[in-house]
Amino acid sequence: MLRIANALEAQLRAAMQRAFPEQAAAVEAAGQRFDPQLAPASKPEFGDFQANGALPLAKPLGQAPRAIAAAIVEQLAGDPGFAELCLEPLIAGPGFINLTLRPERLASEVQARLDDPRLGVPEAGSASPVVVDFSSPNIAKEMHVGHLRSTIIGDCLARVLEFRGHGVLRLNHVGDWGTQFGMLITHLKQVAPQALDTADAVDLGDLVAFYRQAKARFDDDEAFQTTSRDEVVRLQSGDPVSLRAWGLLCDQSRREFQVIYDRLDIRLQERGESFYNPYLADVVADLDGSGLLVTDDGARCVFLEGVSGKEGKPLPVIVQKRDGGFNYATTDLAAIRYRLASPPAGDGARRLIYVTDAGQAAHFAGVFQVARRAGWVPAEAQLEHVPFGLVQGDDGKKLKTRSGDTVRLRDLLDEAVERAEADLRRRLADEDRQEEEAFIQHVSTTVGIAAVKYADLSTNRITNYQFSFDRMLALSGNTAPYLLYAVVRIAGIARKGGAQAVEGGSAFTAGEGLVFSEPQEWALIRELLKLDAVIAEVEEELLPNRLCSYLFELSQVFNRFYDQVPVLKADEPARSSRLALCRLTADTLKLGLGLLGIPTLERM
RNA sequence: GGGGCUGUAGCUCAGCCGGAUAGAGCGACGGUUUCCUAAACCGUAGGUCGUGGGUUCGAGUCCCGCCAGCCCCGCCA
């Protein structure tokens, strides 16, 4: 309904200008325009939209706000375009103008969406790609809860942007470079040298253990620290032995990551920190050339403007360590430069989205500032850190296993699927239903993974997120199972609705004259038509929970409709019209859930 | 010490550019099944929006102070 909203806004503004020409001239002289303050109606009884623009005019015009509203409404009455869209406007409260769309307009909007694979969401062709940087686990470690949110949120944002027609580079900025590697290789040389020249000589679990040992040694053994740092320098300067060892470790981890990504149906292009190695020296040279670089205590850094640390001293971003090595800030700067640079020397992107935890906010603010001051960021480019909060357990503390370890992602997904399966089997037994084993596995997997994803996406990402299997797998409430069930109900109607195939939605005929009468039908229609605005909002604000809320509300409205209005037993033309609504609801839920990375089911 | 985020119903959370009587879900309590999957639906109860000021026609939302929790603050990422 974005198109209608835009039309209404223009009509309202024109009406305001006609009603108050002198004030309009003054406003325009100041380089501004009247703002009708058009918004969706805050309650259904107020209609479809409300315009609040009369209220702020009360003071400058010296008139009562309701009188101003009345004058605007009077002008609207003379606009045939408006009359075509809306019923008679109503003035309410202190001076709100409530607008209700003509039922036939709503019906024709529904009609238009029935044959539209994009369901009314416009395609924004964009010249330059958007980078979504997400997931980013570390080589030689297993993926754990810490990677959950970035992976799921990043994938969802990428899907939304792709659907909107943007070219999206889904980049996995894996930790495959840096001090940690020096540590690990040094340690392996001493305790398990075979791991450094033979593929899969040790399994990943062992590698993780070695990593832990290496980290422990690094933390309290100065000699080991020095050797490790030397090893990093060797690696970064291309020593063949180090490189081979590094390559083997990466391959092994990569295969392991892929298992998780396959389970989650997530597509990613790996471009780890090592990719930027050839560009690091240039970054430092470039910063030096633009006079931003300062050597402080042996380290080369850029001091930030407007950010002071201890004792009021400006905070530095260190780009080259005292030992000559580069660090993550250097890599991130190189990445920004590369992503913004024109092809073939770069990606030519104009929007960079970083999905990482909120703890890195200061780091990204610093790095973004340096990139801007270095002149690498074109005026129209957007650099966005998309932060998210911690995953917490029921106790409100960082999620851990009972023994206090970090929770591995594969274990977490396993448990979700196992619980979904146990639930399903219990229900089958209760209902005396018989199902194939393959059906049980498919439903359990789909529901379990969907529950994990949806629970994460449905809360505002900025706040910490309290992880709970019981809540996410609940069959009612704002959960994946509830939404999946709504789709299943519609699929049930389609199955019983006749011999028509379900594929392509052809079970329901689009029909010419849609006829609606029940309030539940109108409520469903109004909800269905909000999709385009919701997608636009997610694209702009990068908040997947807005899409979740919408899908949940749509499911609720549908369930009310389903409960209170017969579909298959209705007489024509209501039957076809209701079938059309069912089809559009199913398509909308499938599309929306698809954008969340969640596949739907026909039966469950 | 400096900076950031958070604080809304018993619990988990929404709340869009400042807009009408602050909304969901769960849990609690009460109801609904001859009918397309009841994994549903309907209803009731439940609030000093952390706190004190300020801005204005209007503040959960913006500004300032304070309190509480979490996170970050030079050579880890």
Side-chain angles (χ1 to χ4, degrees), chain A residues 35 37 39-40 42-43 46 50 52 55-56 58-59 65 92-96 98 136 138 173 175 177-180 183 215 218 273 296-301 307-313 315-323 325-329 331-332 356-363 365-366 387 389-390 392 396-398 423-424 427 431 433 447 458-460 462-466 468 470-471 474-479 481-482 484-486 488-497 533 537 540-541 543 545-546 548-549 552-553 556 559-560 562-564 566-569 582 603-604:
Chain A
D35 182 5
Q37 295 194 14
S42 57
K43 289 186 180 185
F46 298 150
Q50 59 185 61
N52 304 339
L55 293 146
K59 202 164 196 185
F96 302 113
N98 289 337
S136 310
N138 290 317
H173 193 78
W177 213 237
T179 313
Q180 39 170 3
M183 277 161 35
K215 174 85 171 110
F218 188 86
E273 295 170 343
D296 191 83
D297 200 10
R300 314 196 75 190
C301 22
V307 192
S308 52
K310 286 168 186 154
E311 296 135 32
K313 199 183 165 192
L315 221 57
V317 169
I318 295 177
V319 296
Q320 190 161 24
K321 300 186 283 187
R322 197 185 313 150
D323 63 9
F326 304 109
N327 63 5
Y328 59 100
T331 308
D332 282 339
T356 79
D357 69 276
Q360 296 188 48
H363 163 67
L390 287 174
Q392 300 176 317
K397 292 188 179 152
K398 201 171 166 182
D423 254 25
L424 178 59
R427 196 167 37 255
E431 295 169 12
R433 262 170 75 188
V447 170
S458 61
T459 174
N460 187 322
I462 194 72
T463 51
N464 290 344
Y465 152 55
Q466 196 167 337
S468 161
D470 286 334
R471 271 202 299 274
L475 309 168
S476 51
N478 188 6
T479 65
Y482 179 87
L484 290 173
Y485 179 59
V488 163
R489 283 184 131 179
I490 300 171
I493 293 180
R495 270 196 306 278
K496 301 228 167 148
E537 201 179 313
E540 169 75 22
E541 314 271 348
L543 288 173
N545 67 304
R546 297 276 165 81
C548 295
S549 301
F552 176 54
E553 256 159 62
Q556 281 184 306
N559 274 330
R560 245 165 252 151
Y562 179 94
D563 199 61
Q564 296 160 18
V567 176
L568 294 176
K569 291 192 168 62
C582 287
R603 296 195 305 126
M604 62 191 280

Is there a stack between A:Phe46 and B:rA20, judged by ring centres under 5.5 Å and planes under 30°? yes
Report which part of the nucleic acid A:Ala92 touches: base, sugar-phosphate, or nothing (heavy-atom distance under 4.0 Å, all strands). base
Identify whether any heavy atom of A:Pro56 sits under 4.0 Å from a base atom; if not, whether one sits that close to sugar-phosphate; answer base, sugar-phosphate or nothing. base
Quick one: does any side-chain atom of A:Ser549 pair with a main-chain N or O of A:Asn545 as donor and acceptor, under 3.5 Å? yes
Assign A:Ala58 to base, sugar-phosphate, or nothing according to its heavy-atom contacts below 4.0 angstrom with the strands shown. nothing
Which string of ( ) [ ] | and . matches RNA chain B, if you list each base 5' to 3' and count Watson-Crick or G-U pairs only when both distances are under 3.5 Å? (((((((..((((.....[...)))).(((((.......))))).....(((((..]....))))))))))))....
So what does A:Arg489 touch, heavy atoms closer than 4.0 Å: a base, only the sugar-phosphate, or nothing? sugar-phosphate
OP1, OP2 of B:rC57 versus side-chain N and O of A:Lys59: anything below 4.0 Å? yes
Which whole-number value in Å describes the distance from A:Asp357 CG to B:rU6 P? 15 Å
With a 4.0 Å cut-off on heavy atoms, is A:Gln50 in touch with a base, just the backbone sugar-phosphate, or nothing at all? base
List the protein contact pattern of nucleotides 8-15 of chain B with one symbol per nucleotide (5' to 3'): B for base contact, S for sugar-phosphate-only contact, - for none; contact means a heavy-atom distance under 4.0 Å. ----SSSS
So A:Asn52, base contact, sugar-phosphate only, or nothing? Heavy-atom distance under 4.0 Å. base
Rounded distance (Å) that lies between atom C1' of B:rA40 and atom CD of A:Gln564: 11 Å
Per A:Ile318 side chain, nearest of listed nucleotides B:rC41, B:rC75, B:rC17: B:rC75
With sequence neighbours left out, what residues match A:Asp297 under side-chain hydrogen bond (donor to acceptor under 3.5 Å, both in side chains)? none
What nucleic acid atoms does A:Glu553 come within less than 4.0 Å of, heavy atoms only: base, sugar-phosphate, or nothing? nothing
Counting any heavy atom closer than 4.0 Å, what does A:Phe552 reach on the DNA or RNA strands: base, sugar-phosphate only, or nothing? sugar-phosphate
Taking CG from A:Asp35 and P from B:rG19, how many angstroms apart are they, rounded to a whole number? 12 Å
Under 4.0 angstrom between A:Lys398 side-chain N/O and B:rC71 OP1 or OP2: no
Would you mind classifying the nucleic acid contact of A:Pro481 as base, sugar-phosphate or nothing, using non-hydrogen atoms under 4.0 angstrom? nothing
Without decimals, in angstroms, what is the distance between A:Lys321 NZ and B:rG74 C1'? 11 Å
Contact class for A:Tyr482 vs. all strands (heavy atom < 4.0 Å): base, sugar-phosphate, or nothing? sugar-phosphate
